[in-house]
Amino acid sequence: MSDAEVLERRAVYQGKIVDLTVDTVRLPNRKTCDLEMIRHPGAAAVVPVDRDGNVLLVRQYRYATDGWLLEVPAGKLDHKGESPEACAIREVEEETGFKPGSMIAMGWIWTTPGFSDEKIWLFLARNLTPAKQSLGRDEVLTVERLPVRRAIEMAAKGEIVDAKSICSLLRTPHFLNA
């Protein structure tokens with residue numbers, strides 16, 4: 001089977017964070033259909049671990065969920081050409097007030113491949129040094145420190161429900177001693 005062929009792409013909405021298109025595609029099974037797609041520039045998520053073996057998580061208000069989520073620091077690539085690692089370093093500093101001295105890439109994930117092309121790169125940050133926290137206007141959060149093992153356990157048991165956080169925390173043990 002071959003890949004899908006885009007026959008037409010119609011822009012529906014262009015926003016600050018995402019764009020929405022309706023694509024008419026010929027699928028690998030040769031059938032044609034319209035698919036709504038959210039286009040996203042990509043993002044980075046980080047598990048920042050301090051020298052005491054604690055992970056710095058953020059408890060952030062999320063309007064879309066009508067509540068607070070416990071998450072790893074993360075954010076979207078801000079401009080075309082920004083590397084996922086540069087984004088990750090920036091986001092850790094902005095959200096936690098700590099600057100990573102070293103970064104380990106832990107791969108990437110598709111967030112919601114049924115309707116979005118958003119890819120999030122996952123990182124482990126070490127050798128944290130104090131820096132200036134710089135929250136965006138839409139960021140309402142507090143920083144929480146938890147032992148790495150406890151955060152991983154919370155992700156595995158469903159106590160952390162944010163997908164990027166679950167994936168990055170569950171990958172952490174493999175990379176922690178790298």
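Residue numbers run from 1 in the order of the sequence given. The figures that follow rest on heavy atoms only: side chains count, while hydrogens, waters and symmetry mates do not.
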Are Ile109 and Phe175 connected, step by step, through hydrophobic side chains (Ile, Leu, Val, Met, Phe, Trp, Tyr) whose heavy atoms are closer than 4.5 Å?
yes

Glu36, CD: over 12 other non-hydrogen atoms inside 6.0 angstrom
no

Going only through I, L, V, M, F, W and Y residues with side-chain contacts under 4.5 Å, is there a path from Ile104 to Val72?
yes

Look up atom CZ in Arg171 and atom OG in Ser168, then write down how far apart they are to the nearest 0.5 Å.
9.0 Å

Using the rule that Ile, Leu, Val, Met, Phe, Trp and Tyr join whenever any side-chain heavy atoms are under 4.5 Å apart, tell me whether Leu77 and Val18 fall into a single cluster.
no

Could you walk me through whether Arg39 and Asp23 pass the salt bridge (charged side-chain N to carboxylate O under 4.0 Å, His left out) check?
CA-CA 11 Å; Arg39 306 290 175 183; Asp23 297 353; 2.3 Å; yes

Which heavy-atom pair separates Ile152 from Pro173 by the least distance, and what is that distance?
CD1-CG, 3.5 Å

Rounding to 0.5 Å, atoms CD1 (Ile120) and NE2 (His40) come to a distance of 7.0 Å

Would Val58 and Thr142 satisfy side-chain contact (heavy atoms from CB on, under 4.5 Å), going step by step from the backbone distance to the final call?
CA-CA 6 Å; Val58 294; Thr142 58; over 6 Å; no

Taking NZ, NE, NH1 and NH2 as the nitrogens, is one of them in Glu71 or Arg59 under 4.0 Å from a carboxylate oxygen of the other?
no

How about Val46 and Met103: do any of their side-chain heavy atoms sit closer than 4.5 Å?
yes

Are there more than 12 heavy atoms of other residues, nucleotides or ligands under 6.0 Å from atom NZ of Lys99?
no

Which atoms form the tightest heavy-atom contact between Asn54 and Arg145, and what is the distance?
CB-CB, 4.2 Å

Identify whether Met37 and Val12 are in the same connected component of the hydrophobic contact network (ILVMFWY, side-chain heavy atoms under 4.5 Å).
no

So do Leu27 and Val25 actually touch side chain to side chain, heavy atoms under 4.5 Å?
yes

Any side-chain heavy-atom pair from Pro48 and Val55 closer than 4.5 angstrom?
yes

Thinking salt bridges, do Arg62 and Asp138 make one under a 4.0 Å N-O criterion?
no

From CG (Leu128) to CZ (Phe98), nearest 0.5 Å
7.0 Å

Could you pull out the closest heavy-atom pair between Asp3 and Pro28, with the gap in Å?
C-CG, 4.1 Å

Separation of Leu57 CG from Thr96 OG1 (nearest 0.5 Å)
10.5 Å

Does the distance from a Lys or Arg side-chain N to an Asp or Glu carboxylate O, for Glu153 and Arg149, drop under 4.0 Å?
no

More than 12 foreign heavy atoms under 6.0 Å from CD of Gln14: is that the case here?
no

Strictly distance-based, threshold 3.5 Å: is any side-chain N or O of Glu94 a donor or acceptor partner for the main-chain N or O of Glu91?
no

Nearest-0.5 Å distance that lies between atom CD1 in Ile160 and atom OG in Ser165
6.5 Å

Compare every heavy atom of Trp110 with every heavy atom of Lys119, then report the nearest pair and how far apart it is.
CE-CH2, 3.9 Å

Nearest non-hydrogen partners of Ala88 and Phe123, listed with the distance:
CB-CD1, 3.6 Å

Does Ile166 reach the side chain of Asp162, with side-chain heavy atoms less than 4.5 Å apart?
no

Please test Thr65 against Gln60 for side-chain contact (heavy atoms from CB on, under 4.5 Å), starting from the C-alpha separation and ending with a verdict.
CA-CA 11 Å; Thr65 67; Gln60 186 165 6; over 6 Å; no

Taking the side chain as C-beta and beyond, is there a heavy-atom pair between Arg51 and Arg126 under 4.5 Å?
no

Please evaluate residues Glu118 and Lys76 with respect to the criterion salt bridge (charged side-chain N to carboxylate O under 4.0 Å, His left out), reporting the C-alpha separation (whole Å), side-chain torsions for both, the decisive distance (0.1 Å), and the verdict.
CA-CA 10 Å; Glu118 181 185 19; Lys76 75 174 187 65; over 6 Å; no

For the atom pair CG (Leu146) and CG (Leu70), what is the distance rounded to the nearest 0.5 Å?
6.5 Å

Any idea which heavy atoms bring Pro41 and Ile17 closest together, and the distance?
CD-O, 3.4 Å

Begin with the C-alpha distance, continue with both residues' side-chain angles, and end with the deciding distance and a verdict on side-chain contact (heavy atoms from CB on, under 4.5 Å) for Val47 and Leu169.
CA-CA 7 Å; Val47 178; Leu169 286 166; 4.1 Å; yes

Apply side-chain contact (heavy atoms from CB on, under 4.5 Å) to Glu95 and Leu141, showing your working.
CA-CA 8 Å; Glu95 293 186 6; Leu141 61 83; 4.2 Å; yes

Please determine whether residues Leu122 and Leu124 belong to a single hydrophobic cluster, defined as Ile, Leu, Val, Met, Phe, Trp and Tyr linked transitively by side-chain heavy-atom distances below 4.5 Å.
yes

Minimum side-chain heavy-atom gap Asp117-Ile38 below 4.5 Å
no

Do Glu93 and Lys132 sit within salt-bridge range, that is, some charged N less than 4.0 Å from a carboxylate O?
no

Which of these passes side-chain contact (heavy atoms from CB on, under 4.5 Å) with Thr24: Thr32, Leu35, Val6?
Thr32

Ion pair present between Asp34 and Arg10, side-chain N to carboxylate O less than 4.0 angstrom?
yes

Side chain Thr112, main chain Phe115, donor-acceptor under 3.5 Å
no

